[in-house]
> 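Starting off with a structure, shown below.
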Amino acid sequence: MSMHGLKRFAAALAGAALLFGAAACGTSDDTGEAAAAKQGAFDVASVKKDDAIAAMVPKSIADSGKLTVGMELSYAPAEFLADDGKTPQGYDVDLAKALGRVFGLDTEIVSSTFDSIVPSVGAKYDLGITAMTITQERMDAVDFVSYYKAGSSWAVKKGNPENVDTDDLCGMKIAVQVGTTQEEEANEIKEQCKADGKKAVEVLPSKLQTDAATAVVTGKADVFYADSPVAGYAISQTGDQLEELGSAEGVVKQGIAIKKGDTELAKAVQAGMQHLMDDGDYMKILKAWGVENGAIDKAEIDPTDLD
């Protein structure tokens, strides 16, 4: 499986894990919308239409009254289902809705498998917004507008009482999710410490990302390692018990996918996302989900710098 495949597999498991955690905290009479409101504190309805940007939207989309967006709804906290099993929520969902409101359109989320999104953009839906890494291979098939960046993050107990140093993890207990690139990297660290004759690393794999985070909270592990938005969200769910250690590693840009050659729509999406970044709504949405560390300040069409 490719690195992206491993991360997407991990994401699906993380989504299930975080959904389970959210469900455990909810009450039996929570509606999907209420659950979504609890998860993210930003009110998308507060975003206003920008007439100049709305005028940039292709007529066929503007006349339909809606912006359709393909997502794989299995990746908390970017895009996943609320407790009712049918209401989309997450920062990608909020950003898609906010973009629609800038255009003066309602946003319709279309559940899709990840591998079907690129070939379906421009046919089944207008855009693909699904925590998709921008790669040259994908840019051969679709155009992108950059809007976020993600990598891998380390998290420790608040205040780092075990004095974890990511430059020297020998002797540490590292919690990871099974099947992720982070598990592979943790095992590589383990082998390197052994080869160097240093204190042994213990890798503690969990099927659920929430279990990896809990292992640090309870003291079973010293540090956990995960995709940066997944880690950021997990940290936000523990209140003041965990904190990110250092900055995200291996950071790459993610993009909104648009039909190749649809310059008119690409320019509208770029202007709309830049508007959200400039007026602060973009950052408010990311902060509501605990993933502001992945914020960028410039939305670009088919960026050449992907890091």
Side-chain angles (χ1 to χ4, degrees), residues 4-22 32 35-36 38-42 44 69-83 87-100 107 109-118 121 125 127-134 138 144-153 177 180-182 208-210 213 226-237 244 248 250-257 269 273 276-277 281-296 299:
H4 178 80
L6 280 165
K7 294 186 85 170
R8 177 56 55 172
F9 171 69
L13 289 176
L18 290 167
L19 269 172
F20 178 81
K38 283 184 186 178
Q39 293 288 343
F42 182 76
V44 178
V69 180
M71 293 186 182
E72 183 189 18
L73 296 168
S74 64
Y75 186 19
E79 52 266 328
F80 62 114
L81 296 175
D83 297 351
T87 304
Q89 61 180 5
Y91 65 86
D92 272 351
V93 175
D94 285 351
L95 287 171
K97 290 180 177 179
L99 185 62
T107 299
I109 305 301
V110 182
S111 179
S112 307
T113 58
F114 185 79
D115 59 0
S116 72
I117 290 176
V118 166
V121 169
Y125 27 78
L127 306 174
I129 305 180
T130 189
M132 185 178 290
T133 300
I134 302 174
R138 290 193 179 120
F144 280 106
V145 170
S146 55
Y147 75 103
Y148 193 70
K149 61 184 179 181
S152 297
S153 293
Q177 187 179 7
T180 61
T181 54
Q182 290 85 11
L208 303 179
Q209 185 64 67
T210 44
D227 277 354
S228 54
V230 174
Y233 182 65
I235 291 168
S236 74
Q237 299 305 292
E244 186 174 357
V251 175
V252 290
K253 288 177 182 173
Q254 295 178 347
I256 299 170
V269 171
M273 189 54 61
L276 291 170
M277 291 175 178
D281 286 337
Y282 166 83
M283 185 60 79
K284 289 176 184 175
I285 288 170
L286 297 186
K287 284 184 175 179
W289 293 96
V291 296
E292 63 270 24
N293 285 350
I296 62 176

> Could you check F80 against Q89 for side chain to side chain contact (heavy atoms under 4.5 Å, CB included), going step by step and ending with a plain yes or no?
CA-CA 6 Å; F80 62 114; Q89 61 180 5; 3.0 Å; yes
> Can you see which heavy atom on G70 is nearest to which on T130, and at what distance?
O-CB, 4.4 Å
> Between D281 and F42, is any pair of side-chain heavy atoms under 4.5 Å apart?
yes
> Do E79 and I109 pass the side chain to side chain contact (heavy atoms under 4.5 Å, CB included) test, and can you show the C-alpha distance, the side-chain angles, and the key distance before you say yes or no?
CA-CA 10 Å; E79 52 266 328; I109 305 301; over 6 Å; no
> Supply the atom-to-atom distance E292 CD to Y148 OH, rounded to the nearest 0.5 angstrom.
8.0 Å
> Under 3.5 Å, is there a donor-acceptor pair between the S152 and Q182 side chains?
yes
> Considering only heavy atoms from C-beta outward, does the side chain of S228 approach that of V251 to under 4.5 Å?
no
> For the residue pair I296 and M277, establish whether any side-chain heavy-atom pair is separated by less than 4.5 Å.
yes
> Within a strict 4.5 Å, meaning less than it, do heavy atoms of the L95 and I129 side chains meet?
no
> Would you say that D94 contacts W289 through its side chain, given a criterion of any heavy-atom pair below 4.5 Å between the two side chains?
yes
> May I have the step-by-step check of side chain to side chain contact (heavy atoms under 4.5 Å, CB included) for R138 and T133, ending in yes or no?
CA-CA 9 Å; R138 290 193 179 120; T133 300; 3.9 Å; yes
> Contact between I134 and Y147 at the side-chain level, heavy atoms closer than 4.5 Å - yes or no?
no
> Taking all atoms of both residues into account, what is the closest heavy-atom pair of Y125 and S116, and its distance?
OH-O, 3.8 Å
> Between T107 and L99, is there a side-chain heavy-atom distance shorter than 4.5 Å?
no
> So do N293 and S153 actually touch side chain to side chain, heavy atoms under 4.5 Å?
no
